[in-house]
Engineer: 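Mind looking over this structure? Questions follow.
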Amino acid sequence: MVSIAKLAEHVGETVTVRGWLYNKRSSGKLHFLEVRDGSGIVQAVVFKGNVSPELFAAADRIQQESSIEVEGLVKEHGKIKGTYELDAKDVKLVAATAREYPISPKEHGTDFLMDHRHLWLRSKRQHAIMRVRHAIIKAVRDFFDENDFTLVDAPVFTPNACEGTSTLFQTDYHGEPAYLTQSGQLYMEAGAAAFGKVYCFGPTFRAEKSKTRRHLAEFWMVEPEVAFMDLAGDMVLAEQFLSFVVSRVLETRRKELDVLASDKRPDDPEWWTRHMTMLENVKAPFPRITYHEAIDLLQKNGHPDAKVGDDFGGDEETTISKKFDRPVIIHRYPMDLKAFYFARDPNDPKLALNMDVLAPEGYGEIIGGGQRESDLARLEAAIAEHRLPKEAFEWYLDLRRYGSFPHAGFGLGIERTVSWICGLSHVRETIPFPRMLNRLAP
RNA sequence: UCCAGCGAAGCCGAAUGGUCAGGCCGCCGGCUGUUAACCGGCCCUUCGAAGGUUCGAUUCCUUCCGCUGGAGCCA
């Protein structure tokens with residue numbers, strides 16, 4: 001048994017490959033069986049002169065996505081240099097398909113494919129995206145591991161309904177209302193006081209009825225938090241982190257990105273080249289502008305109505321990000337737009353010590369974070385101002401009562417990052433089984 | 001929640017107030033080098049649901065359902 005990815009190490013040997021029939025072509029005395037095993041795809045050539053008539057006929061009857069076992073000689077592809085094929089000696093059917101495989105090798109609509117998501121994951125493009133996702137997540141973990149962070153995962157069930165920002169899913173927790181987490185951040189602040197540098201990585205949930213290319217009801221977020229770090233340090237951490245992740249993907253997943261390049265934007269054939277250049281550019285430091293500078297930029301670039309106090313919508317984010325050739329950091333938003341826990345800028349208390357990182361090419365906000373309020377009295381005032389139930393935050397206030405400390409962190413949305421790096425037009429393909437406003441299955 | 005667009009075979013999809021073109025898949029046959037193979041043949045649908053207008057509706061109107069993505073909100 002050899003995995004298809006490692007066939008190059010077995011040239012000249014007779015090996016057995018197990019997998020599924022991806023596609024099949026025939027040319028009289030030759031059958032070309034494309035076999036998929038999860039590690040790759042190889043073409044098995046069944047030549048009439050090499051096998052029994054029964055086997056030759058049987059090979060032609062195997063249906064798409066039947067599981068099969070092929071024994072054959074590994075040799076260089078008859079037409080394509082640098083790839084390998086199997087000169088088949090034996091083909092065994094492990095299990096035939098019980099009915100016709102629904103995803104034929106032609107075009108399909110998204111809704112149909114999403115209904116068959118459990119099968120759609122077998123196709124080349126989805127395979128490439130999931131491998132990039134895997135590489136991104138591995139890079140995330142490696143980065144924090146190599147920089148002495150401790151993994152402190154946050155709970156999924158939370159008792160309090162609000163940071164005051166987004167809508168949460170409510171569940172019944174043994175008779176008490178409980179909510180699916182929207183962020184692990186508050187828990188990371190406790191973690192930072194215990195371990196110094198921590199991060200969590202897990203699913204988060206938003207119940208907003210958002211139906212856009214950027215939204216999922218369930219998505220994965222990685223959230224580092226560091227004790228005795230200020231906003232400036234937070235920005236440095238974010239840009240080093242993103243640079244590391246992107247360069248790792250470029251190092252390890254070139255083949256998969258090439259698969260994704262193939263059917264890109266027919267109206268703009270240069271798009272993928274520009275996209276790859278943009279990824280190569282993701283090196284710290286990133287350009288940094290203040291919120292006020294961003295408003296100026298918008299006013300001068302097609303958004304004359306933009307004014308201080310507005311938050312940025314999808315269009316605004318696209319306009320800003322298109323002005324730069326790499327991710328851009330926007331910092332110091334008005335406190336009114338931000339959650340209660342942000343520290344205020346000592347030079348202008350109306351501003352939060354926060355920052356967002358916008359991905360290039362209009363992919364939107366992929367990182368949001370900043371420095372947290374460490375003063376007990378000011379934090380209590382902020383909770384009151386946002387009309388949040390103080391009792392629910394007593395444990396959080398304890399972090400300021402028992403040795404308060406400046407600290408900062410951020411959250412990165414994995415799916416938006418995958419979507420950006422893969423150059424996709426929608427986040428729904430970046431997670432194996434997406435949960436969206438109108439989709440809970442499969 | 002609001003706005004817009006869409007809904008035709010297992011899938012993709014043109015046209016149309018007079019009864020669904022073409023293609024893919026499948027099946028049969030042909031081809032020793034195919035790459036979403038190709039060539040020939042066969043097979044499958046009455047157009048999301050209900051109601052209305054009409055001699056006649058897949059086509060026009062109303063409501064509903066489903067899908068799509070944009071606003072709001074957000075990562």
Side-chain angles (χ1 to χ4, degrees), chain A residues 22-34 41-50 56 60-61 63-65 75-80 83 85 87 97 99-116 119-120 123-125 163-168 181-185 203-223 262-263 310-318 337-339 356-359 363-369 410-420 425-428 430-431 436-439:
Chain A
Y22 191 72
N23 198 7
K24 163 181 81 181
R25 289 175 289 275
S26 185
S27 177
K29 298 197 170 72
L30 289 170
H31 298 313
F32 299 94
L33 307 180
E34 277 194 284
I41 294 179
V42 70
Q43 167 174 289
V45 184
V46 186
F47 175 46
K48 199 170 187 176
N50 283 355
F56 188 74
D60 198 33
R61 283 195 304 268
Q63 292 194 301
Q64 188 190 2
E65 290 299 326
K75 52 195 243 186
E76 186 153 69
H77 193 287
K79 274 193 167 174
I80 308 166
T83 63
E85 64 181 19
D87 196 354
T97 50
R99 61 179 73 157
E100 195 182 316
Y101 189 68
I103 306 177
S104 61
K106 271 282 176 180
E107 302 143 44
H108 301 280
T110 307
D111 192 45
F112 172 81
L113 289 167
M114 273 302 171
D115 282 341
H116 297 84
L119 303 176
W120 189 19
S123 56
K124 274 182 194 165
R125 176 187 160 80
E163 269 176 30
T165 49
S166 46
T167 322
L168 305 190
T181 182
Q182 58 168 315
S183 161
Q185 186 216 308
T204 47
F205 307 86
R206 303 288 165 91
E208 277 116 13
K209 299 203 185 298
S210 298
K211 272 175 79 167
T212 81
R213 65 183 73 233
R214 303 183 305 279
H215 288 89
L216 293 168
E218 176 180 322
F219 64 99
W220 286 65
M221 190 152 68
V222 55
E223 294 173 277
S262 57
D263 52 19
D310 294 347
D311 210 343
F312 306 131
D315 283 355
E316 285 82 7
E317 287 182 353
T318 301
L337 297 177
K338 289 292 159 187
D356 283 353
V357 179
L358 301 189
Y363 276 93
E365 182 185 343
I366 49 173
I367 285 180
F410 62 80
L412 169 117
I414 289 291
E415 286 75 16
R416 282 190 183 177
T417 305
V418 178
S419 180
W420 161 51
S425 55
H426 200 298
V427 290
R428 66 187 154 212
T430 65
I431 185 166
M436 296 176 289
L437 188 55
N438 289 310
R439 182 166 295 280

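Below, read A as the first sequence line, B as the second, and so on, with proteins coming before strands; counting in each chain starts at 1. Just the heavy atoms: all of them, side chains too, but no hydrogens, waters or symmetry mates, feed the values below.
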Engineer: Using the side-chain heavy atoms of His215(A), tell me which of these nucleotides is nearest: C25(B), C74(B), G70(B).
Structural biologist: C74(B)

Engineer: Using the P atom as the reference point in each nucleotide, state the distance between U1(B) and G13(B) in Å, no decimals.
Structural biologist: 28 Å

Engineer: Base, sugar-phosphate or nothing for His116(A)? Non-hydrogen atoms, less than 4.0 Å.
Structural biologist: nothing

Engineer: What is the distance, rounded to the nearest whole Å, between atom CG of Leu337(A) and atom P of G72(B)?
Structural biologist: 13 Å

Engineer: If you compare all heavy atoms of Val42(A) against all heavy atoms of Glu85(A), which two are closest, and at what distance to 0.1 Å?
Structural biologist: CG2-CA, 3.9 Å

Engineer: Could you state the CZ-P distance from Phe312(A) to G70(B), rounded to the nearest angstrom?
Structural biologist: 20 Å

Engineer: Look at all strands and tell whether His108(A) reaches a base, only sugar-phosphate, or nothing, counting heavy atoms closer than 4.0 Å.
Structural biologist: sugar-phosphate

Engineer: So Phe112(A), base contact, sugar-phosphate only, or nothing? Heavy-atom distance under 4.0 Å.
Structural biologist: sugar-phosphate

Engineer: What verdict does the side-chain hydrogen bond (donor to acceptor under 3.5 Å, both in side chains) test give for Ser183(A) and Glu223(A), after you've listed the backbone C-alpha separation in whole Å, the side-chain angles of each residue and the deciding distance to 0.1 Å?
Structural biologist: CA-CA 8 Å; Ser183(A) 161; Glu223(A) 294 173 277; 2.7 Å; yes

Engineer: So what does His426(A) touch, heavy atoms closer than 4.0 Å: a base, only the sugar-phosphate, or nothing?
Structural biologist: sugar-phosphate

Engineer: Assign Glu223(A) to base, sugar-phosphate, or nothing according to its heavy-atom contacts below 4.0 angstrom with the strands shown.
Structural biologist: nothing

Engineer: Heavy atoms under 4.0 Å, any strand shown: does Arg439(A) hit a base, just sugar-phosphate, or nothing?
Structural biologist: nothing

Engineer: Using a heavy-atom cut-off of under 4.0 Å over every strand shown, decide if Gly411(A) touches base, sugar-phosphate, or nothing.
Structural biologist: nothing

Engineer: Is there side-chain contact between Asp311(A) and Glu316(A), with heavy atoms separated by less than 4.5 Å?
Structural biologist: no

Engineer: Counting only side-chain heavy atoms from C-beta out, which of G33(B), G70(B), C24(B) sits nearest to Lys106(A)?
Structural biologist: C24(B)

Engineer: So do His215(A) and Glu208(A) actually touch side chain to side chain, heavy atoms under 4.5 Å?
Structural biologist: no

Engineer: To the nearest Å, give me how far apart NZ (Lys211(A)) and P (G5(B)) are.
Structural biologist: 14 Å

Engineer: Compare all side-chain heavy atoms of His426(A) with those of Thr110(A) and state whether any distance is below 4.5 angstrom.
Structural biologist: no

Engineer: Nearest whole angstrom, please: distance from the P of A36(B) to the CD of Glu65(A).
Structural biologist: 17 Å

Engineer: So do the side chains of Ile103(A) and Ser123(A) get within less than 4.5 Å of each other, counting heavy atoms only?
Structural biologist: no

Engineer: Between G69(B) atom P and Asp315(A) atom CG, what is the distance in whole Å?
Structural biologist: 16 Å

Engineer: Rounding to an integer number of angstrom, what distance separates G10(B) and U53(B) when you compare their C1' atoms?
Structural biologist: 35 Å

Engineer: Please state the P separation for the pair C11(B) and C67(B) - nearest whole angstrom.
Structural biologist: 16 Å

Engineer: For G18(B) versus C61(B), give the span between their P atoms, rounded off to a whole number of Å.
Structural biologist: 16 Å

Engineer: Provide, to the nearest angstrom, the distance between the CG atom belonging to Leu119(A) and the P atom belonging to C25(B).
Structural biologist: 19 Å

Engineer: Return a single string for nucleotides 26-31 of chain B, one symbol per nucleotide in 5' to 3' order, where B is base contact, S is sugar-phosphate-only contact and - is none, cutoff 4.0 angstrom on heavy atoms.
Structural biologist: SS---B

Engineer: Can you confirm whether Ile431(A) sits close enough to Phe219(A) that some side-chain heavy atom of one is under 4.5 Å from a side-chain heavy atom of the other?
Structural biologist: no

Engineer: Between Ile41(A) (CD1) and A36(B) (C1'), how many Å, whole number?
Structural biologist: 12 Å

Engineer: In whole Å, measure the gap between the C1' atoms of G66(B) and G41(B) for me.
Structural biologist: 38 Å

Engineer: For Arg214(A), report the nucleic acid contact type (base, sugar-phosphate, nothing); a contact means any heavy atom under 4.0 Å.
Structural biologist: base

Engineer: With sequence neighbours left out, write down each residue that passes ring pair (Phe, Tyr, Trp, His ring centres under 6.0 Å) with Phe56(A), or none if nothing qualifies.
Structural biologist: His31(A)

Engineer: How would you label the contact of Ile103(A) with the nucleic acid (heavy atoms, under 4.0 Å): base, sugar-phosphate, or nothing?
Structural biologist: nothing

Engineer: So Ile366(A), base contact, sugar-phosphate only, or nothing? Heavy-atom distance under 4.0 Å.
Structural biologist: sugar-phosphate

Engineer: C74(B) base to Ser210(A) side chain: any donor-acceptor pair below 3.5 Å?
Structural biologist: no

Engineer: Expressed in whole Å, how much space separates the P atoms belonging to U19(B) and G56(B)?
Structural biologist: 15 Å

Engineer: Glu365(A) versus Arg214(A): any side-chain heavy-atom pair under 4.5 Å?
Structural biologist: no

Engineer: How would you label the contact of Gly109(A) with the nucleic acid (heavy atoms, under 4.0 Å): base, sugar-phosphate, or nothing?
Structural biologist: sugar-phosphate

Engineer: Name the residue closer to the 5' end of RNA chain B, choosing between Val45(A) and Met436(A) according to the nucleotide with the nearest heavy atom.
Structural biologist: Val45(A)

Engineer: Provide the distance between the two C1' atoms, one in C20(B) and one in A57(B), to the nearest whole Å.
Structural biologist: 13 Å

Engineer: Provide, to the nearest angstrom, the distance between the CG atom belonging to Leu437(A) and the P atom belonging to C73(B).
Structural biologist: 17 Å

Engineer: Would you please confirm or rule out a distance under 4.0 Å between OP1 or OP2 of A36(B) and any side-chain N or O of Asn23(A)?
Structural biologist: no

Engineer: Over 60° means perpendicular and under 30° means parallel, so classify the ring planes of His116(A) and Phe112(A), tilted if in between.
Structural biologist: tilted

Engineer: Between C24(B), G72(B), C74(B), which nucleotide has the shortest distance from any of its atoms to the side chain of Thr212(A)?
Structural biologist: G72(B)

Engineer: If pairs are Watson-Crick or G-U with both distances under 3.5 Å, what is the dot-bracket string of RNA chain B, marking crossing pairs with [ ] and pairs to another strand with |?
Structural biologist: (((((((..(((.....[...))).(((((.......))))).....(((((..]....))))))))))))....

Engineer: Taking the side chain of Asp111(A) as its heavy atoms from C-beta onward, which of G33(B), C67(B), C73(B) lies nearest to it?
Structural biologist: C67(B)

Engineer: Base, sugar-phosphate, or nothing: which does Glu365(A) touch, judged by heavy atoms less than 4.0 Å apart?
Structural biologist: sugar-phosphate

Engineer: Between the side chain of Thr318(A) and the main-chain N/O of Gly314(A), is any donor-acceptor distance below 3.5 Å?
Structural biologist: yes

Engineer: Any side-chain heavy-atom pair from Lys211(A) and Met436(A) closer than 4.5 angstrom?
Structural biologist: no

Engineer: Within the structure provided, determine whether Trp220(A) and Thr204(A) are in side-chain contact (heavy-atom separation under 4.5 Å).
Structural biologist: no

Engineer: Provide the distance between the two C1' atoms, one in C2(B) and one in U59(B), to the nearest whole Å.
Structural biologist: 29 Å

